[in-house]
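Chain A is the first sequence line, chain B the second, and so forth, proteins listed ahead of strands; every chain is numbered from 1.
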Amino acid sequence: MSAPAGTRGGPGIAPLAAGRRPTWGRRLRGRQDRNLWFGLFVLPFLAGLLVFVYVPIAWSAYLSFFEARATVTPTKFVGWANYSYLLSDPEFRSSLLVFVAFAVLIVPLTYVCSLGLALLLSGLRVAQAFFRSVFFIPTAVSYVIAAMIWRISFFNGGRFGLINSMLRQLGGSNIDWLGGANYGYWVALVSLRLWLQVGFYMILLIAGLNRIPQETYEAAAIDGAAGWRLLRYITLPQLRATSAAVLMLLLINAFQAFDEFWNLLSGVNGTYPPYGRPPLVHLFVISLGGSNQDLGLGGAGTMILTAIIVVFGVAQNWLTNRGVERDER
Amino acid sequence: MRAVRGRSARVLVVVRYIVLAVLAVLFLMPFYVIVRNAFASSRLIAAAQWQWLPDQWNLDNITQLFTNSDVEMGASLWHSAVMAVVQTGLTVVVALLAGYALARNTHRAARILSALTIFTLMVPAAVTFIPTFVMTSALGWIDTFRGLIVPGMFSAFATYMFRQSFLGFPKELEEAALIDGANPWRTFWQVVVPNSMGIIGAVGTIIFIGSWNAFLWPMLVTRNGTRTVQVTLSQFMTSQLVNYPELFAGALVAVIPVLLVFLFLQRFLVQGVETTGLR
């Protein structure tokens with residue numbers, strides 16, 4: 001085993017032969033310079049994470065206790081004022097409510113539809129790959145372009161647009177989908193995200209279905225199980241790990257929602273209406289979007305959102321682990 | 001009894017295909033709308049009565065878009081291409097190295113870094129866009145390719161996927177190379193990487209699509225010098241000068257590269273998900 005030039009010195013053998021304890025430098029580098037190589041391999045990633053994720057978060061946490069308008073250097077220490085302002089701000093609270101509503105709609109709907117598609121495709125003899133591609137391909141489209149189609153051609157609130165055109169043919173009247181006069185914008189938001197992401201989760205669930213051993217189904221079939229009972233007692237329990245991962249991903253992604261809200265609902269030249277504001281949009285509007293940048297407030301908002309998502313993650317972890325333990329007992 | 005079951009099973013298969021066909025039409029409809037609008041007239045797009053086909057296919061929209069000085073479509077496509085290609089390449093290299101080291105080491109530093117990676121996976125970059133923006137502007141990187149690309153290239157997701165995949169990679173191959181006198185760096189590039197093209201293709205495709213389609217971060221850090229195609233289209237859509245046929249011609253042009261990448265590489269994506277598994 002050759003050490004790289006410059007770090008020579010009989011790795012592992014010389015100290016033994018000399019009967020001395022290895023020096024600190026020697027120990028730090030590790031057997032066959034393993035630690036040195038480990039450091040070299042992870043250094044770019046670790047440095048990048050620190051510089052562009054963790055140091056900014058720490059700085060932001062620090063800023064959140066200050067008044068920092070239009071500047072990245074704190075001006076006046078205000079303690080928890082930014083936090084208490086946000087938590088008592090009805091707009092911030094309603095943005096959390098928008099997230100909850102969005103998650104309650106999109107997470108179960110996407111899961112059920114993805115699982116439905118995966119089951120529809122499983123065991124198909126002809127054209128399985130074709131249909132899989134058709135359902136998967138919207139994943140490649142950006143939220144900007146999808147929002148463009150939804151906003152202008154499907155859910156246009158004016159007299160044109162496919163949905164209003166169909167409504168009139170059925171004897172109804174135009175609905176102002178995105179204007180905020182009703183909850184029509186939820187239909188557009190949810191159907192757009194559903195179209196765009198359902199194929200991706202379908203692929204994850206197909207992979208999960210393929211990992212269920214065929215013998216399990218055969219054994220159940222011999223016992224006379226079929227249809228719904230197979231789904232209820234074999235497929236869903238065996239799919240538990242994949243389902244947990246899918247649900248967690250869906251929740252995290254719902255929490256990050258920005259693009260389709262912005263592109264469906266924002267008005268002329270980057271103004272955003274007061275309704276339908278998820279947390280990221282609200283945070284953007286109050287801390288970066290407007291004329292008065294308030295980074296102290298933005299920092300406090302970031303901390304609150306990070307805390308919420310960490311709580312979700314820990315809760316999800318705990319629930320899955322408990323599920324696994326219960327299975328093992 | 002058996003005959004009845006056979007017939008009902010056959011009916012069920014037919015029903016299944018009918019459902020699938022209807023769903024397929026629904027899923028493809030937005031693509032059709034892009035094409036229809038890209039070759040239609042403004043009048044048709046804003047017509048009260050929905051028309052499935054334009055009266056005549058108008059091929060001028062694309063040329064008009066590229067000569068429209070308010071939109072800068074050509075430059076935006078170039079900025080997006082640079083961003084997506086460079087960011088994909090750098091993200092994959094950084095994450096490959098880290099994922100490999102994390103899969104092959106079990107000492108405390110490796111365990112801590114693995115835990116940190118998973119934690120970062122949970123706290124998505126979008127949630128921390130304000131601090132990262134503050135950092136990027138403090139570095140003076142606003143409206144530069146550095147500012148557009150670098151903050152997003154340390155992907156916990158990619159690192160995690162590679163780590164999972166390398167955990168299942170046979171160590172024997174590497175050990176043979178090490179015994180032959182290659183150092184870990186050479187072993188990695190000459191033995192490990194060439195044997196991992198499947199997962200590299202899968203992760204690379206996901207990163208490329210995410211990068212090409214990114215909106216929030218490019219909207220924050222780009223101005224006239226590096227504006228990407230998604231930001232350009234979004235701003236055109238909400239500007240008072242919007243022209244619908246040109247807008248959708250832009251959507252068509254912007255969606256084609258990523259659809260091609262997707263169609264060619266989706267095999268890797270499906271395999272990648274199956275081998276690393278999100279379990």
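- The contact between A:I152 and chain B is made entirely by side chain atoms (from C-beta outward), counting heavy-atom distances below 4.5 Å.
- Interface check for chain A: of the options B:L139, B:L259, B:T120, B:I209, the most heavy-atom pairs under 4.5 Å are formed by B:T120.
- Checked by atom type and distance alone, the side chain of A:R168 pairs as donor or acceptor with a backbone atom of B:A48 at under 3.5 Å.
- Only the backbone of A:L119 comes within contact range of chain B, with at least one heavy atom under 4.5 Å from a heavy atom of that chain.
- Both the backbone and the side chain of B:L116 come within less than 4.5 Å of a heavy atom in chain A.
- Using a 4.5 Å cut-off between heavy atoms, A:Y54 contacts chain B through its side chain alone, with no backbone atom that close.
- Proximity to chain B is limited to the side chain of A:F258, based on heavy atoms less than 4.5 angstrom apart.
- In this pair, B:H107 and A:F38 present their aromatic rings perpendicular. The plane angle is above 60°, beyond the 30 to 60° band.
- For A:V198, the part sitting under 4.5 Å from any heavy atom of chain B is the side chain, from C-beta outward, and nothing else.
- Aromatic ring centres of B:F215 and A:Y143: separated by at least 6.0 Å.
- Heavy atoms of B:W212 lying under 4.5 Å from chain A are absent altogether.
- Annotation: A:F41 is not in aromatic contact with B:W189 [ring centroid separation under 6.0 Å not met].
- Heavy-atom pairs under 4.5 Å with chain B were tallied for A:I309, A:N253, A:L120, A:N156; the largest tally goes to A:L120.
- Your options are A:T139, A:V42, A:I149, and the one with the most heavy-atom pairs under 4.5 Å with chain B is A:I149.
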